[in-house]
Amino acid sequence: MTAGQVVLILTLAVPAAGAVAVPLLPDRVARITGTGAAGLTLLASVLLYAGRGGTSLEPAAPVRPWHSVRGDWAPGLDLQFHIGVDGISYPLVVLTALLTLLCCGYLLGRPDGSRMLVALLLAAEVGIVGTFLALDLVLFFVFFEVVLLPMYAMIAIWGGPGRRAAARKFVLYTLLGSVLLLVGVFVVVAAAGTADIVALTGGGQLGRGTQLLGFTFFALAFAVKAPLWPLHTWLPDAHTEAPTVGSVILAGVLLKLGTYGLIRIGVGVTPEGAAWAATVLGTLAVAAIVVGALVCLAQTELKRLIAYSSVGHMGFVLLGIATGSAAGIQAALIGNIAHGVITGLLFFLAGAIKDRTGTGELAALGGLRETAPGLAGILGFAAIASLGLPGLAGFWGEVFAVVAAIQRGSPGWTVLGVVAAVGAALTAGYFLRLLRRVTHGPPAAVPVAPAGLARIELVAWAPLVGLTLVIGLLPVLVLGMAYGPVEALAVGVGG
Amino acid sequence: MLLPAVPFGAALAGLLLPPLRARAAAAVLGIAGAAAALLLACGLLVALDQPSEQSRQLVRFGHLAVDFGVRVDSAALLVAVAVGVVALAVQVYSVSYLDGDEGYPAYAAQVSLFTAAMLLVVVAGDLIVLLVGWEVMGICSYLLIAHDRRLPEAPGAAVKAFLVTRVGDVGFWLGVILLGVHTGSFRIADVLAAVTGGELSTATLTAAGLLLLAGVAGKSAQFPLHTWLPDAMAGPTPISALIHAATMVAAGVYVVFRLYPVFSYGDGVLPVLAVVAAVTMLLGALAATAADDIKRVLAWSTVSQLAYMVGALAVGATAAALFHLLTHAAFKALLFLAAGAVIHAVGSNLMSAMGGLRRPMPVTFWSMTIGLGALVGVPPLAGFWSKDAILHSASGGAGWAAGLVFAAGLATVVVTAWYATRLWLRTFFGLSRSEATAHDPPPLMAWPVVALAVPSGLLGFVALSDGFVDRLSTPVPADWTGAAARPDALPAQPVLADQALVHAGGFVLLPLAAAAVGIAAAWLVWQRDPATDPARALGRLRPVFEREFYLDGFQDVLVVRPVRALARAVRRADESVVDGTVEGTGRGTVSLGGLVARAHRAALPRAVVAVLAGALLAGLAATLGAAL
Amino acid sequence: MHPVVPYVVAALLFGIGGFGVLRRRNAILLLMAVELMLNSVNLVLVTASATVRATLAAAGTAAHTGQVFVLFIIVIAAAEVGVGLAIVLQLYRLRGSAEVDTVPLADPEPDREPEPGPERVVVR
Amino acid sequence: MTQAIDHVALLPAYLAAGTALLALLTDLAVARRAATLAVTAAGAATVAVAAWAVGTGPVRDTFCLADAPAACSFRADPTSALVATLFALLTLGVLGLSGYAVRGLPAGEYCFLLAASMTGGVVLGYSRDLITLVVALETLTLPLYALVGLRRRSVDSAQGAVTFFVVSVVSVAVTLLGAALLYAATGAVHLRALAAALADGVPGELTTLASAGAVLVLAGLVFKVAAVPFHAWAPATYDGAPLPIAAYLSTTSKLGGVVAVVYVVAIGLQPWLDVVGPALAGFAVLTMTVGNLVALRQRRMVRLLAWSSVAQAGYILAPLGAFAVGTGRTSDALALAVTATIAYAVFYVMIELAAFGSVVVLRGGAVMPAVSLASLDRSDVDGGEIEQYRGVARRSPWVAAAFTLALVGLAGLPPGLAGLFAKIVVVRSLLGGGAGWLAVIVALNAVIGLAYYLPVAVRLYGDRAAAEPAAVPAERVAGPGLRPGWGAPLWSGLALAATTVVAIVVGFAPQLVLDAAALVAG
């Protein structure tokens, strides 16, 4: 058991232990232990970087995990407890750990924060980190499902007025996605005999027919999770009703399960399927961008608007994946991280505004600049970052998704690239409209309770603001380690 | 490398560090940043003899690398110096102009951020880094226009400014990406080498050229996308001076200057440029004649002067264009700052509220006069030399495009002269229509105005020195001598007009005469009745010019309203159709469940019937199956 | 007689039994119908046992299995009738009538629509 | 010639029968309820141990035909040991849960009938020919008619019993007819002999007879599992029966049905699967869909659990159905399908027992507002409305947690890992067997399933509307002459805890169940 493997297991074990321990402890102590557990997980996930055996720049074996742990769990089900981290999954794991820590910290400072919510956050974190680390298809599915109920409970118990219906729609829709994933997994496992992702990547053992069928199931499952346009209707409801912390985790990391899955399994395990469905996926992605932007222009509620903006941003990420080229997949990876950080921040802010003014309706808000200048400033920064201002994190994902689309050369793809660029302009449109409604203009009648920023809020948001700036200026941080694996994936798809 | 970094550091410090909220510290920081940038630019200008380039790889997407490249050459440095000068002047000026405003620290930081972004564009060695600077400038202009809390229409103008430029930027994005994708790298040097080396097909070049042109039109407020500039006057005056007169709007011209081979090799791009320039020139000038708000007059005059530069580029006189850019930066910034002083004194933007300020505000009067003189092109002042150079090269250029630019140029000279004089007379002469006791602005505001008056006056003479011309030459690789060098002869490739900027001889008289005609006409109309606005002479045309040819209305009807309607329609569709199907399936399953449940709400016999029927059917199916 | 005759009789018996089960309202008469069906099965088994011994001579497997099966069936039928009558009696005593078609399968009142209004969920 | 009878093989059956008798004797001799229950529980335990011991020993055959040793009626191999132990343990669990119910019911008769039913189950495990199979099934079911009707003053109970009785009798008739036709066509009653006869081809004109017989036998057996055309009795019977008996019905009786179907299909009708397969697939799909759909609309708790157990029966039958429809009938494909069926059945049985256990404890423990004063007597408490379970979590958090875990397990979601792995086993065997379309149907049904499990779970944590009458205080409940049994809550709680722990352990180590199931298929 090398140190790396121990740390790898810790990243999963610590939140699991936390999730079990927290409900048993008294309220205050529980929340502190919960935050402690989240902190430890972040530390463990960061440590994973050490001793990773050098980032492989040249396209090495398709998936070369830095550390990996392998053990038999249920051979009868082809289920191996095989987890490992590599260039593609590492940034996402760190992002998850960071967001969960921030959420736990945020709850620590709030009067109405409940220890059960912290426990559910840690349980969800186990599921999400497990999914990112899983190198066995069936294990991927098991962790993919672990996330479901904690999120349901979060929305159904601590949500807004219409939470029960929204939570039920969320859980049923996502379950539909994950059962399709189960069928897809076993279509592949039945054909290939093994469920090990490292062995399966590159689609060597699978015939073309199986790859196409498998990819269809995978694409459907992951399209539900990372909302691809026609399958996205659960997202706005879930976001509007979820508590602040729930929205942050939902938008920040849960959507990435879909796109990460599409990259690791869709493009990795069934590359021929990915190549075959590229144009369909690309068109739907661009449709997501444009529809997301247009619907946001006509939105009247703050959180719903940010939810639809996620649909648009994930559209760019999915466009990147659809192109199948190395540039496209890298654009998707950095798009993932950037969206996670920025939208996480946006939802924190939306929550803060809702707590202060009691309403999310844009019509009722206004003139935040006068009443809460600090909050307005950060909201402005987050909105500008989200509309893809170059120099901030959001820009790289969007531009290089368009570059990858145009790089494909065929007229169809160029049209997609152009429409995506126009979509980006529309994004600017609705974000500035949001800013104008919320921050500028005369102060609205709605009383703003604590005008200043609570210390806990600053602590929760500072890392996100910093990260947006740093990733914007130095995208190599996120992409540096992913050159090798992405190159290998792209070769598979003939990108 | 250092050049953009200094103001960027100042900006970041100003914005983020709350302890610096104190006014004094922020002011010092702002001015220090601008001054440092200016000194650095001048130092480099003096020290540097040939273009130097450093770059460091930022990130690699697939095999497309993006590196943080900086390319410094003489033309870039000249523009950098201009930017430094104006930025410094504006920083100093705003200290007193915004003394009452509590948002000043953020304002100062945003101006430094803007200066950094502009310098980044000027020295950018890589297309993506250029794009970064380009967009950051856009966002800074958005933030600064919306700076004034009390002004109700400020946020609207800011959003409009950003969105219109953003529409242009979509074209810019695509142009940059097209070039980058086809040359395999985003470094400008590689791109230019590929262009001149003939690796890119003319079709791609034309497409890239036109797309970049869209971006430039957006940023430099050329014809289709110019509607945002007049509204941007809602921002504080120093901002109008810095962003909407000297730097940002000039960035578009500079980019065309920088990527000139792309435009010149793509066939059909330069004629389009020329047409756009001509139309904008006339449009801007005519609209200025009828505007009553002093800042809107200057804004429209900026639009038309920019059109001059674009026209010069269209005709191939890149050096003349750059020279006009420099002079225009100086005198337009001067005019805006002076106008700021006047507004500060009189308390209103409208010229109808001004008049007879000659005596109470002598300093402003004289600096405004130099500025207006330069604008019109009165001989000794800078404006004359640069405008004359453009007109000369336009007249010398081959092809109908050059002729069009020349004709439009001449007509604009007349109109410019007319509205400049009108502005001059209505503000400083006749009886004072404002109640407030006008007086000269405080020293902090006066000094920058005077400082800017000097280059407006003397910059023309610098052009006389011969060393000046080749500094302005387009930074094209040395071997590029002209059309002949390219194997496939490009049709109607405008031979690069001879770079001589200064040339005496009969030709100079033509624009002078036109200017005189303009001034005389305005003076005559004003002289008959000093109280009323000479614009009434325009008669029926006035409302048309006043409403700026209703372009704003067209844009609203053609673009804004349909997009909003489409958004509402898509939202309704998305919620009712897509969401409807999902909810529908849910409700459908439940009602189906109800149906089946009702079938079970019967008595015991039905259960037995089910058993026997089931057995019967299964048996039948099996026997028939077996029989097959 | 030809072995098929008893099969036909058995089939008829089973049909009558089935019809009786479906038509009869009174539980006890229903039980009698079921007995009829069971006896028809006995008939089939007995004839089968005879024919099997004749045709499948090789089936030395305990020729009389069919009849043994019949014995078991008779025992089962008896047991069932015993318990069945007890149950019907209890139903009669409680409800005053042994009518089969008044025995509801599903609970009478309308079924719930899936989601009564939102209610607050309280978690300590 | 006397037949050599191997008594050791019969030991578990003897013990089970002995337990039944013992229960009667203790009730006569010692008239106290606690003693009877204790004796029966001890008896069940011994049966389990004995079955396990016999199972570990060599394979023993008894009651074999003199001339064809292969065809034996009673075979004690590891499979039968597993089945017998399962029956014994389940009966033990149900006995544990009967703490509350037995106070209102005649304990002696209750324990005797339960033990008798267990004997039937145990014998079913060992039976290898149609006659013993049918007799064992009858011994398993007959006591249940009486047990269902045991709640003396409740009309529902009587009606439930009659429904169950009538439909069951008709189905038995159908099964027997099928068996008779099979015997007529092949002359064989022992499963192995039947398979041999079918394998070497049935004479021309008898094939239709044989196939009709096969399907009718299957139809009868599938009634026990409450597959759709034959399921109408289940909700009424479960709701009418006392709660432990409803638990017994949905777990043990259903397991008996599954074992019977597996024995007949896997051993008896193995060569004729292309006849039987489509029928099974049809039953599976119908059962799943109808079960889930109707469960969406149920208002009473036990009826919801009844309908959900109907749906689960659909999932259990799916692998077998898929196997027949799918391509390639190699023997290991059959083994894969049987393993999946048995594994799912074992997972299901455990979770279902946990679910019913929680209902028993919640209803029995005066935690809920009694609907009417009439049902004050804790003995004939029934499942009650789902509404009554609102806000129960605040009073008894641990039981509510166990109930939620069970519900989520039934739905097949992670906290209930057992349920999740059960679903995975089914889908894996379906896709392994090549019936992809059936896998998709199972997947969709899982989604519908969650749609009714989750609202129930959430209601446990719902907020009790003030308007409802406060819970009836415990002391008023125990009226004169009704001593609250021998620490009823203790036993039930213990049984529930044991089942939940087993469910969790199996959740984390599903390989145990899979190896056991492979045993059966082996």
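A, B, ... follow the sequence lines: proteins, then strands. Residue 1 opens every chain. Model, not experiment: these values are computed from the prediction.
- Considering every non-hydrogen atom in both B:W173 and A:G388, the closest pair reads CZ2-O, 4.5 Å.
- Contact check for B:V170 versus A:V418: no side-chain heavy atoms found under the 4.5 Å cut-off.
- With a 4.5 Å cut-off on non-hydrogen atoms, A:Y430 does not touch chain B at all.
- Both the backbone and the side chain of B:L131 come within contact range of chain A, each with at least one heavy atom under 4.5 Å from a heavy atom of that chain.
- Within the 4.5 angstrom heavy-atom criterion, atoms from both the backbone and the side chain of A:T300 approach chain B.
- Atom-to-atom distance recorded for A:T233:OG1 and B:E583:CD is 7.5 Å, nearest 0.5 angstrom.
- Side-chain contact check for A:V399 versus B:V176: every heavy-atom pair is 4.5 Å or farther apart.
- The side-chain contact (heavy atoms from CB on, under 4.5 Å) test with A:L297 is passed by exactly one of B:V570, B:V563, B:L566: B:V563.
- Using a 4.5 Å cut-off between heavy atoms, B:R564 does not touch chain A at all.
- Taking CG of B:L174 as the reference point, atom CD1 of A:I406 lies at 5.5 Å (rounded to 0.5 Å).
- Within residues 132-141 of chain B, the residues having any heavy atom less than 4.5 Å from a heavy atom of chain A are, in residue-number order, B:V132, B:E135, B:V136, B:I139.
- Side-chain atoms of A:K169 and B:D579, non-hydrogen and from C-beta on, do get closer than 4.5 Å to each other.
- Highest contact tally toward chain B, considering only A:W234, A:F381, A:Y308, is held by A:Y308 [criterion: heavy-atom pairs under 4.5 Å].
- Of the two parts of A:L387, the backbone and the side chain both hold a non-hydrogen atom closer than 4.5 Å to a non-hydrogen atom of chain B.
- The part of A:F395 that comes within reach of chain B is its side chain, from C-beta onward, which places non-hydrogen atoms under 4.5 angstrom from that chain.
- When heavy atoms are compared at a cutoff of 4.5 Å, A:I334 approaches chain B solely by way of its side chain, counted from C-beta outward.
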Requested in this report: Report the C-alpha distance between B:F162 and A:I384 in whole Å, list the side-chain angles of each, state the deciding distance to 0.1 Å, and finish with yes or no for side chain to side chain contact (heavy atoms under 4.5 Å, CB included).
Outcome: CA-CA 11 Å; B:F162 186 76; A:I384 290 170; over 6 Å; no

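- Counting heavy-atom pairs under 4.5 Å between each of A:L474, A:L389, A:L294 and chain B puts A:L294 at the top.
- Counting heavy-atom pairs closer than 4.5 Å to chain A, the top-ranked of the candidates B:A146, B:A158, B:G180, B:A154 is B:A146.
- Partners of B:D190 under the side chain to side chain donor-acceptor pair (under 3.5 Å) rule, at least two apart in sequence or in another chain, are B:S185, B:R187.
- The side-chain heavy atoms of B:F186 and A:V403, taken from C-beta on, include a pair separated by under 4.5 Å.
- Ranked by heavy-atom pairs under 4.5 Å with chain A, the list B:L143, B:D574, B:V129 is led by B:D574.
- Put simply, the side chain of A:L435 reaches to within 4.5 Å of the side chain of B:Y142, judged on heavy atoms.
- Of the possible polar contacts, one joining the B:R571 side chain to the A:A298 backbone as a donor-acceptor pair under 3.5 Å is found.
- In this structure, OG1 on A:T414 lies 8.5 Å from CG on B:L178, to the nearest 0.5 angstrom.
- Between A:L231 and B:V578 there is no side-chain heavy-atom pair separated by less than 4.5 Å.
- With a threshold of 4.5 angstrom between heavy atoms, A:R304 approaches chain B through side-chain atoms but not through N, CA, C or O.
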